[in-house]
Amino acid sequence: MEAPDLRVYNTLTKEKEPFRTVDPGKVRMYVCGPTVYKPSHLGHMVGPVIFDTVKRYLTYLGYQVTFVINITDIDDKLIAEAPRQKITVTELAERVTKDYVENLRMLNVTGVDHMPRATHHIPEIRTMIEGLIAKGFAYAASGDVYFDVTKDDDYGKLCHRDPAQLEAGSRIEVSDKKRNPGDFALWKAAKPGEPAWDSPWGQGRPGWHIECSAMSVKLLGQTLDIHGGGLDLQFPHHENELAQSESYHGTTFVRYWMHNGLMKTGAEKMSKSKGNEIVVSELLKRYDPETLRFFLLATHYRRPIDYSEDRLDEVRRGLEGFYRFFERFERITKARFYDLQAPSARSSFEPGQPATEFLVEIVRLWEQFLEHMDDDFNTGGAIGVLYELLTALNRFADSRQLESAAADPADIRALQRGALVLKELSQILGIFHQPPATRETVSNELVSGLVQLILEVRNDARKNRNFALADLIRKRLGELGVSLEDRKEDTIWRLGGTC
RNA sequence: GGCCCCUUCGCCAAGCGGUAAGGCAGCGGAUUGCAAAUCCGCCAUCCCCGGUUCGAAUCCGGGAGGGGCCUCCA
């Protein structure tokens, strides 16, 4: 199968291109993960959430996707950080990796198939370096091995700069071991006490970029369909990966280079070295993971995202409308929205016969959503459609009075079909798969019973037009975090206020 | 200094040559005992100046402002 309408922006060509994979029906996707020396901040979640969504959409279209995120667990940063925490480099890497994996799990990033570690692939890395030396692209220099950028005639094609530009005004560390200032390390000699592996060039460790080249070919093959990562990795990391891999294999390394925009705090990029990072595990104590995922997907992936708590609160308020609809849906159909089984592959949704105005509208929105996704994974536009879908569903429930006892069963079935579409599309974005923790219903029977009791008292008061008492009860319940909605036949209540 | 990118309603945001999605906030209405929730309606001509075009937020040139990379970074 192929997806005739999907177009993907490629950093290499700076254009949106029709999506065609190496093997029809299969997608090999590699995304650069973190160097594990500090707990993840929000910026680290952008790529995983985006590419998890990319995988979900491609899978929805019928592709079989293999998704790899690597872990760089050996690097100067780890070597510097471990002693500060009085632990080994290995312990540090494990601790931080665990934090990262847990954050991904929370954000419902479920599509990762492999998470290879650099230190588990030293032999593969060594082999590749030896090959690069043999082919004349790299050279050993007193324990180090460098890639010679002058031997790669298209070096700079990914970041769209020629090597001369890269050198001009550069602050590249001067090293008399390098033949050219732009040469980068494939292998670094170990200083005493540093973690080290044997190699033909002596004890040492891999350079920063080589592990991605070695691990991606091992797990996915010589040519990747998609290689993703943050925009800040475009140079030097991806440029160097590209140079190594193509020089070594002599084949195209990547068909589509996808770079996500960076998270900003105020005016500046969020980064570990700037110390302005928002640690994910901390943020998750105050916000539902779904709020974070929705926040990340609300902006197109290639644009920068400004972090602020006001913004998260706003996203949360937007989400509330969906949550309230899910409760309404349950009241009407006696079925939980979260239990709906929507098609996980692209369905062919038809309004059916007779085609009601409502279902025709649903089909229209369903198509619009997919058009947005086809346009370089435009999740922001797609979310806009989700809101329109929400309004359409509520409008239908209102106009057909679906909450009254006299509701037409055919109308209820139509609502269920509409909700099923919302479910189908939500799955593509990886949202609404379970109720957010903060909205979980009260499991304590005593509390529910007491609230029910007080509501009966209050409704009695209302019948007797004792509104002062009724309003007092509502006010006091509100202060306890219980908000009320008086409806025709009954009063419903929920935790979490009216936000 | 060099190379990229961005600038759309109070805030967030889609838009990729055909006459400005959506959300939040706000205002008005329906509904309600009053609220809440929901629905309906109102709410921008797209940083500035030129140009191309029958037609531009969308293309080209110049200017202003912001950001990224050139050094570890998702």
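What you see is a predicted model; the values in this text were computed from it and never measured. Order of the sequence lines sets the chain letters (A, B, ...), proteins ahead of strands, with each chain counted from 1.
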Distance-only donor-acceptor check, side chains A/Thr72 and A/Asn70, under 3.5 Å: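 Per modelled atom types, A/Thr72 and A/Asn70 side chains form a pair under 3.5 Å.
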Do the side chains of [X] and [Y] get close enough for a salt bridge, i.e. N-O under 4.0 angstrom?
{"X": "A/Asp144", "Y": "A/Lys177", "result": "yes"}
{"X": "A/Asp75", "Y": "A/Arg205", "result": "no"}
{"X": "A/Arg28", "Y": "A/Asp113", "result": "no"}

Per the atom types in the model, does the base of [N] pair as donor or acceptor with the side chain of [X] at under 3.5 Å?
{"X": "A/Arg474", "N": "B/C34", "value": "yes"}
{"X": "A/Asp232", "N": "B/C72", "value": "no"}
{"X": "A/Arg465", "N": "B/G33", "value": "no"}
{"X": "A/Asn378", "N": "B/G15", "value": "no"}

Is_stacked (A/Tyr387, B/G23) at 5.5 Å, 30 deg: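 Here the ring of A/Tyr387 and the base of B/G23 are not stacked, as the 5.5 Å and 30° limits are not both satisfied.
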Which base sits across from [N] as a Watson-Crick or G-U pair, both distances under 3.5 Å?
{"N": "B/C69", "value": "B/G2"}
{"N": "B/G41", "value": "B/C27"}
{"N": "B/U32", "value": "none"}

Whole-angstrom distance between B/A56 and B/G18, as gauged at atom P: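 It works out to 12 Å between them.
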